[in-house]
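Some notes on the structure that comes next.
Both ligands and their constituent atoms are indexed starting at 1 by order of listing.
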Amino acid sequence: MTNKVRKAVFPAAGLGTRFLPATKASPKEMLPLVDKPLIQYSVEEAVSSGIESILIITGRDKSAIENHFDISFELEQLLQEKGKSEMFDQVRAISDIAKISYTRQKQALGLGHAIYQAKDFVGNEPFAALLADDVVDAERPALRQMMDVFEKYQAPVIATMQVEGEAISRFGVIDADEVEPGVFRIKDMVEKPAFADAPSDLAIIGRYIFTPDIFQAIEQTTPGAGGEIQITDAMRLLLKERPFYAVKLEGARHDAGDKLGFLIATVEYALKRDDLGGEFREYLRSLNLDD
Ligand code: G1P
């Protein structure tokens with residue numbers, strides 16, 4: 001087995017019910033943060049972390065994702081004719097970003113089931129899985145931070161962050177010992193526990209590095225929280241056989257698949273933009289927010 005993480009899987013078949021009605025006919029992965037769809041942020045994160053090959057797991061009504069990463073012949077021709085070379089380069093770069101393949105998850109049976117669709121693509125290699133609605137704004141790409149831990153410990157790695165109070169129930173939660181600053185060895189994990197049952201305040205974020213034995217574990221996993229085949233339950237099974245690590249990411253994580261999280265991420269990313277930040281900041285300052 002090669003020890004280099006070269007492949008990444010993007011589960012993108014979910015129905016996006018947290019963002020209706022916008023997601024009724026459009027994939028949530030295509031919601032734009034300022035001017036770029038969510039999934040492009042995490043594809044760029046993967047590529048800048050060293051990923052060479054990507055599998056996006058789609059479902060019905062997700063063709064906009066494939067179109068986005070494809071060549072847009074008419075648009076490119078038009079931009080060329082009009083001499084808009086900067087826009088042309090920007091549009092063309094998206095289709096050159098990485099080697100991307102697609103497969104369809106025919107039924108939405110859970111995140112574990114979605115990741116299982118990548119079995120043939122992955123073969124006998126470690127691989128990453130990224131959930132596009134978790135956007136991580138970090139100086140060192142989040143997945144790169146995790147790869148460093150994978151390379152050091154030669155074991156699967158998930159991303160974690162501290163979540164205060166009852167909100168922890170919306171996540172997978174780990175029970176873990178810190179083995180070096182920001183790196184934990186996981187003892188147990190549970191998917192979306194009640195607040196009183198959460199083993200810690202360390203939530204799982206949508207970034208994973210798996211070894212191929214996760215697929216056998218998924219095969220043995222029965223439906224859990226929400227009646228779905230949960231990746232957290234599959235990892236829990238595997239935890240009996242091999243060490244698993246978690247890394248507290250440096251950077252800010254936004255849940256852009258949630259309406260409030262999306263609004264916050266939009267404001268944060270817009271403020272950072274050279275072309276928009278100044279005027280946007282002025283506008284925000286002008287708001288009378290004390291009413
Ligand atoms: C998924 C995982 C959960 C994790 C979360 C992070 O849940 O099942 O363990 O904490 O992503 O965003 P979802 O948000 O898809 O329900």
Side-chain angles (χ1 to χ4, degrees), residues 9-20 23 27-29 31 33 38-39 41-42 45 56-59 105 107-117 128-138 142-143 146 156-176 184 186 188-195 197-210 214 217-218 221-239 244-249 251-262 264-265:
V9 173
F10 289 74
L15 298 176
T17 46
R18 291 189 298 156
F19 224 112
L20 282 167
T23 48
K28 73 168 170 185
E29 294 78 11
L31 290 168
L33 264 190
L38 293 183
I39 193 159
Y41 284 90
S42 41
E45 175 194 322
I56 301 182
I57 297 163
T58 64
Q105 183 192 15
Q107 284 175 289
L109 295 181
L111 182 56
H113 179 263
I115 290 174
Y116 192 76
Q117 311 307 309
L130 296 92
L131 308 187
D133 46 9
D134 277 337
V135 179
V136 189
D137 185 12
L143 188 61
M146 298 170 68
V157 180
I158 61 171
T160 187
M161 69 168 190
Q162 261 162 320
V163 169
E164 307 278 325
E166 309 243 346
I168 195 78
S169 301
R170 297 204 289 263
F171 296 86
V173 184
I174 60 171
D175 182 16
F184 300 81
I186 301 175
D188 202 0
M189 58 178 91
V190 52
E191 180 67 13
K192 302 198 173 80
F195 175 51
D197 300 332
S200 76
D201 60 355
L202 291 173
I204 300 172
I205 306 179
R207 297 285 182 282
Y208 309 81
I209 296 177
F210 293 118
I214 192 69
I218 297 173
T221 301
T222 49
E228 298 186 340
I229 299 182
Q230 297 290 352
I231 196 64
T232 306
D233 294 339
M235 292 193 286
R236 189 163 192 254
L237 282 182
L238 202 52
L239 197 55
F244 243 94
Y245 290 84
V247 55
K248 212 191 262 180
L249 294 180
R253 174 262 184 191
H254 301 287
D255 181 2
D258 167 76
K259 289 175 189 175
L260 182 60
F262 177 84
I264 293 170

Open item on the list: My understanding is that only residues two or more places apart in sequence, or in another chain, count here; which of them pass side-chain hydrogen bond (donor to acceptor under 3.5 Å, both in side chains) with Y116?
Closed with: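 Counting only residues at least two positions away or on another chain, Y116 forms a side-chain hydrogen bond (donor to acceptor under 3.5 Å, both in side chains) with E219.
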
Task: D134: partners by side-chain hydrogen bond (donor to acceptor under 3.5 Å, both in side chains), with sequence neighbours left out - done: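 Partners of D134 by the side-chain hydrogen bond (donor to acceptor under 3.5 Å, both in side chains) criterion, ordered by chain and then number, come out as R253.
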
Open item on the list: Using the salt bridge (Lys or Arg N to Asp or Glu O under 4.0 Å) criterion, which residues pair with D175? Sequence neighbours excluded.
Closed with: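 In terms of salt bridge (Lys or Arg N to Asp or Glu O under 4.0 Å), with neighbours along the sequence ignored, D175 is linked to no residue.
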
Open item on the list: Show me, by chain and number, every protein residue that has a heavy-atom distance under 4.0 Å to ligand 1.
Closed with: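 Ligand 1 is contacted, at a heavy-atom distance under 4.0 Å, by L111, L131, D134, F171, G172, E191, K192, I204, G206, Y208, Q230, T232, R253.
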
Task: Distance, nearest 0.5 Å, that separates CD1 of I186 from OG1 of T160 - done: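 Result: 7.5 Å between the selected atoms.
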
Open item on the list: Taking the basic N atoms (NZ, or NE/NH1/NH2) and the acidic carboxylate oxygens, is any pair closer than 4.0 Å for R18 and D133?
Closed with: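 Salt bridge present between R18 and D133.
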
TODO: Take S42 and R207 through the side-chain contact (heavy atoms from CB on, under 4.5 Å) test and state the conclusion after the steps.
DONE: CA-CA 10 Å; S42 41; R207 297 285 182 282; 4.0 Å; yes

